[in-house]
Amino acid sequence: MFHETRSRAGNALNKFREPSRFFRTWVEAPLTTGAVTPSGPVLAQKMAEFIPAQSNNPVLELGPGTGPITKAILEAGISKGRLTCLEYSADFCKHLSEKFEGLNVVEGDAYNMHSSLGHIVPNSLCAVVSGLPLVSRPMELRLKCIRDAFDLMRPGAPFIQFSYSLASPVTLNSRMFSWSKTGWIVKNFPPARVWIFRKPF
């Protein structure tokens, strides 16, 4: 009985630690963290649904934070060997490596990703899943991030991005991609939707 109670207390404490770690990092660097709390499981699962199920090619996650979207990607059937996570925060990198043992976690800047992702072959990724706070950056940096990701992606591959905003996180009059979006995911807090930008064939 004591061990069961102790185990439940430990699980409850772990559930509290991740949001508090995320909040602390947001306070210290709101432009790089972007949100006060991590993405919820419903939003994370919706994002993972857009990864091509029939592909065996690698996947890149940008800005994984404490790992809720990472968890959904792995649960969708993407093996740790196929997934690379690029994270700016050294604290989050350490947390991810401990939480998902064997995962390829790279510390680096998603807005200058080529310097950190030399191991990824150009035109090889079947998807990029982004938890970046794109709207906190100037438009030219947002578009550069997608353009640099496209260099690593196969034609037609999706760049999957969530946003809390009414408008698209990037201008939609660009010829560099086609796009689609989901409806609002109201079970997430705050409500969000997923935008999908596809590299042209």
Taking C-beta and beyond as the side chain, do [X] and [Y] meet within less than 4.5 Å on heavy atoms?
X	Y	value
Pro58	Ile120	no
Val106	His119	yes
Asp151	Asp148	yes
Tyr111	Leu132	yes
Ile146	Gln161	no
Val170	Phe177	yes
Tyr164	Asn188	yes
Val128	Leu60	yes

key: Trace of the side-chain contact (heavy atoms from CB on, under 4.5 Å) decision for Phe162 with Ile69   = CA-CA 11 Å; Phe162 79 87; Ile69 299 173; 4.3 Å; yes
Spacing of [X] atom [atom1] and [Y] atom [atom2] [to the nearest 0.5 Å]:
X	Y	atom1	atom2	result
Asn104	Glu61	CG	CD	12.0 Å
Lys187	Lys46	NZ	NZ	11.5 Å
Asn112	Cys145	CG	SG	10.5 Å
Ile78	Ile73	CD1	CD1	8.0 Å
Ile160	Ser130	CD1	OG	10.0 Å
Leu86	Leu117	CG	CG	5.0 Å

Do you know the tightest heavy-atom contact between [X] and [Y]?
X	Y	result
Leu96	Thr66	CD2-C, 3.9 Å
Leu166	Trp195	O-CZ2, 4.3 Å
Arg82	Ser55	NH2-O, 3.1 Å
Lys199	Phe150	NZ-O, 2.8 Å
Ala90	Glu107	CB-OE2, 3.6 Å
Met139	Pro169	CE-O, 4.0 Å

ask   = Do any N or O atoms from the side chain of Ser89 and from the backbone of Asp91 form a donor-acceptor pair under 3.5 angstrom?
value =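 Such a contact is found between Ser89 side chain and Asp91 backbone.
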message = Tell me if a side-chain donor or acceptor on Arg193 pairs with a main-chain N or O of Gly183 at a distance below 3.5 Å.
response =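 No, because the side chain of Arg193 does not come within donor-acceptor range (under 3.5 Å) of the backbone of Gly183.
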key: Step-by-step salt bridge (charged side-chain N to carboxylate O under 4.0 Å, His left out) determination, Lys144 to Glu140   = CA-CA 6 Å; Lys144 178 184 183 299; Glu140 59 267 26; over 6 Å; no
ask   = Would you call the rings of Phe159 and Phe197 parallel, tilted or perpendicular, where under 30° means parallel and over 60° means perpendicular?
value = tilted
inquiry  = Under a 3.5 Å cutoff, is there a donor and acceptor pairing between the side chains of Asn57 and Ser124?
reply    =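 There is no such pair between these side chains.
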inquiry  = Does either side chain, that of Asn173 or that of Thr171, offer a donor lying less than 3.5 Å from an acceptor on the other one?
reply    = yes
query = Does NZ in Lys71 sit with more than 12 non-hydrogen atoms of other residues, nucleotides or ligands closer than 6.0 Å?
reply =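 No - once you tally the heavy atoms of other residues, nucleotides and ligands closer than 6.0 Å, there are 12 at most.
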key: side-chain contact (heavy atoms from CB on, under 4.5 Å) evaluation trace for Leu152 with Met113   = CA-CA 10 Å; Leu152 303 175; Met113 68 179 72; 4.3 Å; yes
ask   = Should Trp184 and Ile196 be counted in the same cluster of Ile, Leu, Val, Met, Phe, Trp and Tyr side chains packed under 4.5 Å apart?
value = no
request  = Examine Val186 and Val194 and state if one hydrophobic cluster contains both, with Ile, Leu, Val, Met, Phe, Trp and Tyr joined whenever side-chain heavy atoms are less than 4.5 Å apart.
outcome  = no
key: Pair Arg142-Val135, side-chain contact (heavy atoms from CB on, under 4.5 Å): steps then yes or no   = CA-CA 8 Å; Arg142 304 179 208 178; Val135 295; 4.2 Å; yes
